[in-house]
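Encoded as structure tokens, the structure appears first; notes follow it.
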Number of protein chains: 2
Amino acid sequence: MLKYQQIAAEIEKYIEDHALQQGDKLPVLETLMAQFEVSKSTITKSLDLLERKGVVFQVRGSGIFVRRHKRKGYISLLSNQGFKKDLEDYKITSKVVELEVRIPTQEAAHNLNIGLDEEVYYVKRVRYIQEQTLCLEESYYNKSIVTYLNNEIVTESIFNYIKEGLGLKVGFSDVYLHVDKLNEEEAEYLGLKNGDPKLLVESVFHLTNGQPFNFSKVTYNYQQSQFFIQANSHFS
Amino acid sequence: MLKYQQIAAEIEKYIEDHALQQGDKLPVLETLMAQFEVSKSTITKSLDLLERKGVVFQVRGSGIFVRRHKRKGYISLLSNQGFKKDLEDYKITSKVVELEVRIPTQEAAHNLNIGLDEEVYYVKRVRYIQEQTLCLEESYYNKSIVTYLNNEIVTESIFNYIKEGLGLKVGFSDVYLHVDKLNEEEAEYLGLKNGDPKLLVESVFHLTNGQPFNFSKVTYNYQQSQFFIQANSHFS
DNA sequence: CATTATAATTGTACCGGTCTAATTTTTCAA
DNA sequence: TTGAAAAATTAGACCGGTACAATTATAATG
């Protein structure tokens, strides 16, 4: 782990351990430099990372302050590592409905940037939170990148396997959100009624080198799904 | 405008003007340094900014590449400057339903971090896209910060007025998303049916110094609302 | 010709510095 | 005591460098 990531993690841990609240002031840059025995630019990088994560905010001329979002149980739309981490206090389970090698749909082929005849792993599963249905997920993996999947992997964390098992490096993702009504089949899986609201989240995940390797469509149970984002003006 | 912002803007413009596509390679760092006559760290900062905006992605040992999301007409959940910019090709209008000084609801007071007796500006408006209802917005502004609003301002861009007119500096925001069913009143405003799906987006906007100045609840017409986010693994 | 080892390319981490701009604190005058 | 001016504090912009790691191109090898 890199220095600036390490330091960021330590500062975050410090904030949690000392239960610091929104607006509480952290030591000034110079103190942090001395404390961690690194240069200013390294500390700055750590703090920028924490700022993007929504952990702190920095005010020029004033100091570095703790930022805390007040609501718990929300799924971060930025984490891009699945939502396990956001909901670690809750019990998340999965039931695999389908897992097979297939030819992609036109939509999937387009999003994965492959031909209609190139094979993909198709995964369909229902995920539960505290025994209640959370979402229905359909996922397409470019088989030439994600070369192997089995039932066990798919029941656990696919992304973890992709990173640890296959040694692939996950880079960026595009996420699209829509609201619509559930159709018969989706309602069935989620234990809701036909025509009930749904949140459809479509994602395209890319490796660090820009190759898209996964396209997924996740239909959320509207009663269980709450999401959050922490935005920053100087990042837009 | 700062150097690194200026350069980022120029690079972005270059990409647009030359209609560069996903995966197209930009000049290497050293070339960019020479071209803009700045140090490496400045160019790096520009590129990091563009990376967070989802304009480029950088691959160590390889180069800097154009990143393009394929879908148009989506509202960015990260821009945090209203959605006018995302939908600039569409005609957005507003109808003000209500505008007055009030005592906040408990919810608003909590989110604005003020007492129940401190005054707020309450704004309720319906927004249209291409003559169709886009959303119903209820917004609370801390009156001790946003000291004045009138009908004209509220019909146009409130945030623009806050920045330009009042000279306030918008910092970060917390955004919460829920899906639910429309109630009678909301359905009425949006021209939909009671029980139809809705996307509820609650936001708390803060000044750069951390003070929350606005709490808003926006109910979107599910037929018109599509959102997107561009995420990055090394920012989480 | 395919494979492997080697070298060149290229972005990233990290250092340590100067200067600037926003904010806060202190000082001083009315 | 109040308010304005000056000084001190503090984060951020920007420079210019070295070392490193991932990737890609080239050369060597069988």
Side-chain angles (χ1 to χ4, degrees), chain A residues 1-9 11 23-52 55-67 163 167-172 206-211 232-235, chain B residues 1-9 11 23-52 55-67 163 167-172 206-211 232-235:
Chain A
M1 197 182 226
L2 299 167
K3 254 186 197 176
Y4 78 93
Q5 293 174 325
Q6 182 64 45
I7 291 169
I11 294 174
D24 284 356
K25 197 173 178 198
L26 292 178
V28 300
L29 266 181
E30 211 151 336
T31 308
L32 292 172
M33 282 172 64
Q35 209 150 7
F36 291 102
E37 294 179 299
V38 290
S39 72
K40 179 175 343 198
S41 59
T42 301
I43 286 288
T44 298
K45 232 178 162 203
S46 302
L47 291 169
D48 285 352
L49 185 62
L50 290 176
E51 190 161 44
R52 284 196 297 273
V55 176
V56 304
F57 64 95
Q58 301 175 76
V59 186
R60 187 213 206 83
S62 181
I64 304 149
F65 304 90
V66 173
R67 176 175 171 198
K163 284 185 285 186
L168 297 172
K169 270 164 283 181
V170 178
F172 55 91
H206 306 253
L207 300 179
T208 47
N209 70 6
Q211 280 189 289
N232 251 290
S233 66
H234 51 275
F235 298 146
Chain B
M1 196 181 226
L2 299 168
K3 255 188 196 174
Y4 78 94
Q5 294 175 324
Q6 183 63 45
I7 291 170
I11 294 175
D24 284 356
K25 198 176 178 194
L26 292 178
V28 300
L29 264 181
E30 211 151 336
T31 309
L32 293 172
M33 281 172 64
Q35 211 151 7
F36 291 102
E37 293 179 300
V38 291
S39 72
K40 183 182 324 205
S41 58
T42 302
I43 286 288
T44 297
K45 226 175 167 203
S46 302
L47 292 169
D48 285 351
L49 185 62
L50 290 176
E51 191 161 44
R52 285 195 296 273
V55 176
V56 304
F57 64 94
Q58 300 175 76
V59 186
R60 185 212 206 95
S62 181
I64 304 149
F65 304 90
V66 173
R67 176 176 172 197
K163 285 185 285 187
L168 297 173
K169 270 165 283 181
V170 178
F172 55 91
H206 307 253
L207 300 179
T208 47
N209 70 8
Q211 279 189 291
N232 251 291
S233 65
H234 50 277
F235 298 146

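Quick note on labels: first sequence line is chain A, next is B, and so on, each numbered from 1. Worth saying up front: this structure is predicted, and the values here are computed from it rather than measured.
Distance, Leu47(A) CG to dG12(D) C1': 12 Å, rounded to whole Å. Here the P atom of nucleotide dG12(D) and the CD atom of Glu51(A) are 6 Å apart, to the nearest Å. If you take CE of Met1(B) and C1' of dA13(D), they are 15 Å apart, rounded to a whole angstrom. A straight line from CG of Asn209(B) to P of dA11(D) spans 15 Å, rounded to a whole angstrom. Straight-line distance from the CG atom of Asp48(A) to the P atom of dA11(D): 12 Å, rounded to whole Å. Here dG12(D) presents its P atom at 14 Å from CD of Glu30(A), a figure rounded to the nearest Å. Nucleotide dA13(D) holds its P atom 15 Å from the CD1 atom of Ile43(B), rounded to whole Å. Rounded to whole angstrom, the span from the CZ atom of Phe65(A) across to the C1' atom of dG12(D) amounts to 15 Å.
Under 4.0 angstrom from either OP1 or OP2 of dC15(D) there lies at least one side-chain N or O belonging to Ser39(B). Applying the 4.0 Å criterion to OP1 and OP2 of dG12(D), one finds that Gln58(A) has a side-chain N or O inside that range. Between Lys25(B) and dT24(D) there is no side-chain N or O to OP1 or OP2 distance below 4.0 Å. Residue Ser62(A) places at least one side-chain N or O under 4.0 Å from the OP1 or OP2 atom of dT24(C).
Base engagement by Lys40(A) is indicated by at least one non-hydrogen atom pair under 4.0 Å involving a base atom. At the heavy-atom level, Ile64(A) lies under 4.0 Å from the strands shown only through sugar-phosphate atoms. Within the nucleic acid shown, Leu29(B) comes within 4.0 Å of at least one base atom, counting heavy atoms only. Residue Ser41(A) is in base contact, counting any heavy-atom pair closer than 4.0 Å across all strands shown.
At a cut-off of 3.5 angstrom, the base of dG12(D) holds no donor-acceptor pair with the side chain of Lys45(B).
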Give every donor-acceptor pair under 3.5 Å between a side-chain atom in residues 28-41 of chain B and any protein atom, sequence neighbours left out.
unit_1, atom_1, unit_2, atom_2, d
Ser39(B), OG, Ser41(B), OG, 3.1
Ser39(B), OG, Thr42(B), OG1, 3.4

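Between the side chain of Ser46(B) and the backbone N or O of Tyr4(B) there is at least one donor-acceptor pair closer than 3.5 Å.
Using bins of under 30°, 30° to 60° and over 60° for the plane-to-plane angle, the ring pair His206(A)/Phe172(A) lands in the parallel bin.
For the pair Thr42(A) and Val28(B), nearest-nucleotide mapping onto DNA chain C gives the more 5' position to Val28(B).
Of the candidates dA11(D), dC20(D), dC14(D), the closest approach to any side-chain atom of Tyr4(B) belongs to dC14(D).
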